[in-house]
Amino acid sequence: MKVVIVGGVAGGATAAARLRRLDEQAEIIIFERSGYVSYANCGLPYYIGGEITDREELTLQTPESFRRRFNIDVRVRHEVLSLDAAGKTVTVRELDTGRVFTESYDKLLLSPGAAPVVPDIPGADGPRVFTLRTVEDTFRIYDFIEREKPRRAVISGGGFIGLEMAENLMSRGLQVTMLQRPRQVMSPLDPDMASLLHARLRKAGVDLRLGCSASALEETDRGVRVLLEGHEPLEADMVLLAVGVRPDGRLAREAGLAVNSRGAIVVSDRMETSAPDVYAVGDAVEITHFVTGKRASIALAGPANKQGRIAADNMAGIPSRYTGAQGSSVLKLLDMTVAVTGLNEKSIQAEGIPHDSVVLTSSSHAAYYPGARSMVVKVLFEVPSGRILGAQIVGYGGVDKRIDVLATAIRARMTAFDLTELDLSYAPPYSSAKDPVNMAGYAMENILTGKVRQFHWNDVASLPRDGSVVLLDTRTQGEWDRGHIDFATHIPVDELRQRLGELPKDKPLYVYCQSGLRSYIACRMLTGYGYECYNLSGGYGFYSSVTKDLCPPPQGTGPCGLSKEH
C-alpha cells in the first residue's frame with residue numbers, strides 16, 4: 001500500500017507514525033509545504049517572548065528523524081498543487097527548484113490545516129505586518145524584533161494567538177494595543193467571563209480597544225500608521241494580524257470533493273472524504289460537535305491528533321470512528337489561566353436548549369494553606385435534566401485540572417447530580433475536601449431541586465425600583481462601604497435572624513453577598529421563615545466586575561446600578 005499525506009504537523013505527522021506502527025510494509029510519503037514537518041504550533045508565541053530559547057526545541061520531528069525511526073519519506077518545501085481523485089494522483093511542486101511532478105497513491109490523507117485570515121484592507125501585506133501560523137512566521141517576527149527593536153505593537157484580534165502574543169510581546173518590552181472588533185476577547189467564553197480577562201489585560205498595561213478594528217495600514221518613515229474605523233489612528237512599529245483562521249480546503253474543493261460553506265472538507269466519522277480512498281483530518285475538516293451532534297469546525301491540536309490516528313486505523317483496515325470534539329482548550333494569560341469546554345451560552349441559545357448556569361468563586365486549594373488563589377467557575381447545564389453542556393474557568397492555579405474533570409463529565413454525559421458524587425483527590429496544597437467541581441454540582445443540584453432560586457448579574461438592571469421587590473445585601477459593613485448596588489438594603493447575614501422584622505414578607509427578596517455563598521445561606525434561612533427569595537449567581541464580586549466592563553454608565557450613576565462608591 002502506498003500512502004501519500006499532504007501536510008504534516010499534528011494531523012498528518014500523527015497519521016504517518018500511527019500507520020507505520022500498524023503496517024511496516026506500507027510506502028508512506030509526506031509532502032509538507034513549509035520547511036518543517038512536525039513542530040509545536042502552540043509553542044510559537046513563547047519562542048518570540050523568550051520563554052523558549054532554543055529554536056530546535058520547536059521542532060518535534062525532522063525529515064531525517066522520521067526516516068530513521070519510521071522509514072517515512074518526508075519531503076518539506078513541497079507544495080501539492082492539485083488532486084486527481086479519479087486517477088489517484090497528486091501534482092506536486094518542489095519549491096526550491098520549481099520542478100513539478102506527479103505522485104500516485106493508493107490512499108491519500110489531506111492534512112493542509114488552516115490559513116490565517118488576512119483582512120482585506122490596504123497595507124495588510126506591508127513589511128512590518130505579520131501573521132503567526134508557521135515556524136517561518138515565528139522566526140520572521142523574532143528576527144524583526146531583534147533587528148529593529150520595536151517599541152509599539154498593534155495586535156488585531158483577541159483570540160488565542162492574539163492574547164498569547166500580547167503577553168509575549170510585552171515580555172520583550174513592547175507597548176501593546178489590542179484591537180478587537182467584537183466586544184470581547186476569546187470568543188469561546190461568554191462575555192461575562194471574558195470581562196475578567198479584559199480587566200487583567202488592562203491592569204497589565206495593554207491598551208485594549210473593544211468594538212474597534214483597523215480600516216487600513218499605512219507604512220511611514222517610522223513604522224505603521226493604523227487607521228481605525230471611527231477613531232483616531234494609532235502609530236506602531238509593527239502590527240500582528242490575528243483575527244482568526246480559515247480552513248484550507250482548496251485542494252479538496254478544486255478536485256470536486258464535498259466542502260462546506262466555509263471551505264472545510266466534509267468527512268465521515270471514519271475521516272473519509274466524498275472521494276474513495278481519500279481521507280482528511282485537522283483544522284481543514286468539518287466534524288461533529290460532541291455536545292450538539294451537529295457539524296462544526298474546531299481548529300485545535302488535540303482533535304487533529306486524534307483524527308490522524310483514526311484515519312490511519314481506517315487506512316490500515318482497522319475500523320475506527322471519531323465521535324466528535326467539544327472544544328476543550330486552555331490559555332495562559334499573564335499570570336492567569338483561562339479554560340473552556342463544551343458550549344457557551346450563545347451556542348446553547350442558538351440550539352434552543354433549555355438551560356441555566358451557575359457561577360462560583362472557589363479557591364485553587366484549601367484556603368488556609370499558603371498560596372491559595374481564587375478561580376471563577378461557570379458551568380452551563382440543561383434544565384431539567386441537569387446534563388452538563390459547557391464550562392468556563394478563569395483563575396490561577398488548578399484551573400486546568402478542573403476544566404479537564406468537567407470536559408470528562410461532558411464526554412460521559414454526566415449531570416449536575418453526578419458531579420456531586422465525583423470522588424476527587426484532596427490534600428490542602430492541591431484542593432479542598434469539597435472540590436470546586438463538587439461545589440458546582442451542589443449549586444446546580446440546589447437549583448434543579450428547588451432548594452434555591454437564583455437571578456443573574458444581567459437581571460439586576462431590570463429589577464423594579466418602585467418598592468415592589470427588596471434587593472438585600474448580606475455582606476459585612478466594611479464590604480458594603482467599599483461598594484454596593486445603589487438601591488439595596490443592607491443586613492449582614494449574621495444579623496439576619498434578629499432583624500427579620502425589617503423585611504416585608506409580601507415582597508420577593510433578591511439577595512446577594514460577595515461570592516454567592518453567604519447569600520445562599522441567607523436564602524435558605526429566609527425560605528425557612530416563609531419569604532420568597534432569589535440568590536445572585538456569582539455574587540457582587542462577579543456582578544461588579546462584569547458590569548464595570550460590559551455596561552456603559554448611565555448619566556449621573558455608576559454602571560448598571562452600581563453606587564458611585566464602587
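Numbers here are sequence positions counted from 1. Not measured: the values here are computed from a predicted model.
When all heavy atoms of Ala16 and Ile5 are compared, the closest pair comes out as CB-CD1, 3.6 Å. Here the closest heavy-atom approach between residue Val80 and residue Arg250 is recorded as O-NH2, 3.2 Å. Between Asn260 and Ser297, the closest heavy-atom pair is ND2-OG, 4.1 Å. In plain terms, the two heavy atoms of Arg183 and Leu210 that are nearest each other are NH1-O, 3.1 Å. Closest of all the heavy-atom pairs between Ala252 and Leu110 is CB-CD1, 4.2 Å. When all heavy atoms of Val546 and Asp192 are compared, the pair lying nearest together is CG2-O, 3.5 Å.
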Practice problem: Using the side chain to side chain contact (heavy atoms under 4.5 Å, CB included) rule, take Met238 and Leu174 through it: C-alpha gap first, then chi angles, then the decisive distance, then the call. | Solution: CA-CA 10 Å; Met238 63 178 293; Leu174 278 76; 3.7 Å; yes
Practice problem: May I have the step-by-step check of side chain to side chain contact (heavy atoms under 4.5 Å, CB included) for Val90 and Leu251, ending in yes or no? | Solution: CA-CA 10 Å; Val90 291; Leu251 266 180; over 6 Å; no
Exercise. Start with the C-alpha distance between Gln307 and Val285, add both sets of side-chain angles, then the distance that settles side chain to side chain contact (heavy atoms under 4.5 Å, CB included), and finish with yes or no.
Key: CA-CA 10 Å; Gln307 294 158 21; Val285 305; 3.7 Å; yes
Quiz item: Is there a side chain to side chain contact (heavy atoms under 4.5 Å, CB included) between Val6 and Leu83 once you walk through the steps?
Solution: CA-CA 10 Å; Val6 180; Leu83 159 64; over 6 Å; no
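Looking at Thr547 and Trp457, their side chains come closer than 4.5 Å, going by heavy atoms from C-beta outward. No side-chain heavy atom of Thr14 sits less than 4.5 Å from a side-chain heavy atom of Lys306. With a 4.5 Å cut-off on side-chain heavy atoms, Leu380 and Leu343 do not count as touching. The shortest distance between side-chain heavy atoms of Asn168 and Tyr46 falls below 4.5 Å. Proximity of Leu331 to Met186: side-chain heavy atoms (C-beta onward) are separated by under 4.5 Å at one or more points. In this structure, the side chains of Glu351 and Val291 stay at 4.5 Å or more apart for every pair of heavy atoms. Inter-residue side-chain proximity for Gln184 and Leu197 is flagged as unmet; no heavy-atom pair is nearer than 4.5 Å. Val245 has its side chain out of reach of Ile161: every pair of non-hydrogen atoms, C-beta onward, lies at least 4.5 Å apart.
A side-chain donor-acceptor contact under 3.5 Å links Asp237 to the backbone of Arg151. Checking side-chain atoms of Ser362 against main-chain N and O of Pro436 turns up no donor-acceptor pair under 3.5 Å. Judged by distance alone, with hydrogens and angles left aside, the side-chain atoms of Glu32 form a donor-acceptor pair with the main-chain N or O of Ser34 at under 3.5 Å. For Ser364 (side chain) and Arg373 (main-chain N/O), a donor-acceptor pair under 3.5 Å exists by modelled atom type. For the pair Gln392 (side chain) and Lys378 (backbone), a donor-acceptor distance under 3.5 Å is absent. Without hydrogens or angle criteria, Arg128 side chain to Glu219 main chain gives no donor-acceptor distance under 3.5 Å. Of the possible donor and acceptor atoms, none in the side chain of Thr337 sits under 3.5 Å from a partner among the backbone N and O of Leu333. Judged purely by atom type and a 3.5 angstrom limit, Gln180 uses its side chain to pair as donor or acceptor with the backbone of Gly158. Under the 3.5 Å distance criterion, the side-chain polar atoms of Ser545 are left unmatched by any main-chain donor or acceptor of Gly541. Panel note: side chain Gln175, backbone Thr177; no donor-acceptor pair is recorded below 3.5 Å.
Between the CD1 atom of Ile348 and the NZ atom of Lys346 there is a distance of 13.0 Å, given to the nearest 0.5 Å. Considering CD of Glu51 and CD of Glu167, their distance stands at 7.5 Å, rounded to 0.5 Å. One distance of note links OG of Ser111 with CZ of Phe31; it measures 14.5 Å at 0.5 Å rounding. Put simply, CE on Met336 and CE on Met375 are 11.0 Å apart, with the number rounded to the nearest 0.5 Å. Note that OG of Ser374 is 12.0 Å distant from CG of Leu360, once rounded to the nearest 0.5 Å. The line from CG of Asn305 to CG of Leu300 is 11.0 Å long, rounded to the nearest 0.5 Å.
The number of heavy-atom neighbours closer than 6.0 Å to NZ of Lys149, taken from other residues, nucleotides and ligands shown, is above 12. Within a 6.0 Å sphere centred on OH of Tyr430, heavy atoms belonging to other residues, nucleotides or ligands number 12 at most. Annotation: Arg411, atom CZ; neighbour count of heavy atoms from other residues, nucleotides and ligands within 6.0 Å is above 12.
Both the sub-6.0 Å distance and the 45° axial angle are not jointly satisfied by Arg482 relative to the ring of Tyr540.
Ion pair Arg133/Asp248 not flagged as a salt bridge, since none of the NZ, NE, NH1 or NH2 atoms sits closer than 4.0 Å to an Asp/Glu carboxylate oxygen. Between Arg200 and Asp335 there is a salt bridge, since at least one side-chain N of the basic residue sits less than 4.0 Å from a carboxylate O of the acidic one.
Exactly one residue among Val266, Thr273, Val267 makes a side-chain contact (heavy atoms from CB on, under 4.5 Å) with Leu257. That residue is Thr273.
If you look at Phe139 and Tyr47, their ring centroids are closer than 6.0 Å.
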Enumerate, atom names and distances included, each donor-acceptor pair closer than 3.5 Å involving a side-chain atom of residues 222-229, sequence neighbours excluded.
residue, atom, partner, partner atom, Å
Arg225, NE, Glu235, OE2, 2.8
Arg225, NH2, Glu235, OE2, 3.4

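In this structure Phe144 satisfies the ring pair (Phe, Tyr, Trp, His ring centres under 6.0 Å) test together with Phe130, sequence neighbours excluded.
Side-chain N/O atoms of Asp459 and Ser462 include no donor and acceptor closer than 3.5 Å.
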